[in-house]
Amino acid sequence: MKPGRIVPASFYARDTELVAREMLGMLLQYRTERGTASGMIVETEAYVGEHDAACHAAAGLTTRTAPLYERAGIAYVYFIYGMYWCFNAVTRPSGQPSAALVRAIEPVEGIDLMRRRRPHARRDRDLTNGPGKLCMALGITGGVNGQSLQRGSLVIRDYAAISDSAVAVTPRIGIRHAADWPLRWLVRDNEFVSRG
DNA sequence: ATCCGGATCGCCT
DNA sequence: GGCGATCCGGATG
């Protein structure tokens, strides 16, 4: 399998549920001075707008949430629990501030670089099986917050096709509000999925 | 100025 | 399965 074309911004300007589903099988690729690392997206969640209490946009437009109000196809990277970064692709269906969180990837390029960035991972599956872990493995930090996912060092590319029969949908993980909404998508039986 | 909760992870039992 | 780490954004006074 070879990395394909960079996904255009128009892809992200649609319903977040659709974007989250179709991001499965795409390649998240980051180039840094240390080299290129990438992985196939195997788990995503949708955060669908101001009416979604679990979405950061529920707080309205603030310094932190500003990227969600800009445009589809840019990165929204936030810091959590004092230690970790999480990566989202901004979606803008009908102008709604929303995003798709990438929760897990399967390493494709630069696995040795990922191992160096994740010295405590005991097995390779522990490199990228969580939203904080994959950001560490790729080297993603707040420095790319708000950056284009078409023109910059961080891009999403076409990669593999995932059939509907290989996809499972569940409630989102680790949230308090709207915890029963089925807005998490994952590739069945993929060992890099964070849970379930 | 101060307080609190959080889209997590890794280590412990 | 439980808990501590560690800090930022937002809210309140």
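Below, read A as the first sequence line, B as the second, and so on, with proteins coming before strands; counting in each chain starts at 1. Computed from heavy atoms alone, side chains included, the values below leave out hydrogens, waters and symmetry copies.
Side-chain atoms of A:Lys133 lie closest to B:dG10 of the nucleotides B:dA7, C:dT6, B:dG10. Listed candidates were B:dG10, B:dG6, C:dG9. Nearest to the side chain of A:Arg176 is B:dG6.
If you look at A:Tyr78 and A:His56, their ring centroids are closer than 6.0 Å.
For B:dT8, the base is not stacked against the aromatic ring of A:Tyr84, per a cut-off of 5.5 Å between centres and 30° between planes. Under the stacking criterion of a centre-to-centre distance below 5.5 angstrom and an interplanar angle below 30°, A:Tyr78 is not stacked against the six-membered ring of B:dA7.
Residue contacts for A:Ala59: at a heavy-atom cut-off of 4.0 Å it reaches no nucleic acid atom on any strand shown. Among the protein residues, A:Phe79 comes within range of the sugar-phosphate backbone only, with heavy atoms under 4.0 Å from sugar or phosphate atoms but none that close to a base. Base engagement by A:Gly82 is indicated by at least one non-hydrogen atom pair under 4.0 Å involving a base atom. Residue A:Ile175 is classed as a sugar-phosphate contact, given heavy-atom separations below 4.0 Å to backbone atoms only. Heavy atoms of A:Arg172 sit nowhere under 4.0 angstrom from any nucleic acid atom.
Computed from coordinates, the A:Leu186 CG to B:dA7 P distance equals 20 Å when rounded to whole Å. In this entry the distance linking CZ of A:Arg64 with C1' of B:dC4 reads 13 Å, nearest Å. For the pair A:Asn145 CG and C:dC8 P, the interatomic distance rounds to 14 Å; values are reported in whole Å. The CG-C1' distance, from A:Asn88 to B:dA7, rounds to 8 Å in whole Å. One can place NE2 of A:His56 at 13 Å from P of C:dA11, the figure rounded to the nearest angstrom. One interatomic measurement links the two molecules: CE of A:Met83 to C1' of C:dG4, which rounds to 8 Å at whole-angstrom precision. In this structure, A:Trp85 places its CH2 atom 8 Å from P of C:dC8, rounding to the nearest Å. In this structure, CD of A:Glu45 is placed 6 Å from C1' of B:dA7, rounded to the nearest angstrom.
By the 6.0 Å contact criterion, NE2 on A:His120 is open, its count of non-hydrogen atoms from other residues, nucleotides or ligands being 12 or less. With a 6.0 Å radius and a threshold of 12 heavy atoms from other residues, nucleotides or ligands, A:Arg34 has its CZ atom above the threshold. Heavy atoms of other residues, nucleotides or ligands lying less than 6.0 angstrom from CZ of A:Arg122 number 12 at most. In A:Asp189, the CG atom is not crowded: 12 or fewer heavy atoms of neighbouring residues, nucleotides or ligands sit closer than 6.0 Å.
Residue A:Arg103 has a polar side-chain atom (N or O) positioned under 4.0 Å from OP1 or OP2 of B:dT8. Side-chain nitrogen and oxygen atoms of A:His120 include none within less than 4.0 Å of the OP1 or OP2 phosphate oxygen of B:dC9. Contact between the side-chain N/O atoms of A:Arg118 and the OP1/OP2 oxygens of B:dC9 is not found at any separation under 4.0 Å.
In this structure, A:Arg172 satisfies the cation-pi test against A:Tyr47, with its NZ or CZ atom closer than 6.0 Å to the six-membered ring centre and inside 45 degrees of the ring normal.
If you check B:dA7 for Watson-Crick or wobble pairing at under 3.5 angstrom, you find it has no partner at all. Look at B:dA1: its Watson-Crick or wobble partner, with both distances under 3.5 angstrom, is C:dT12.
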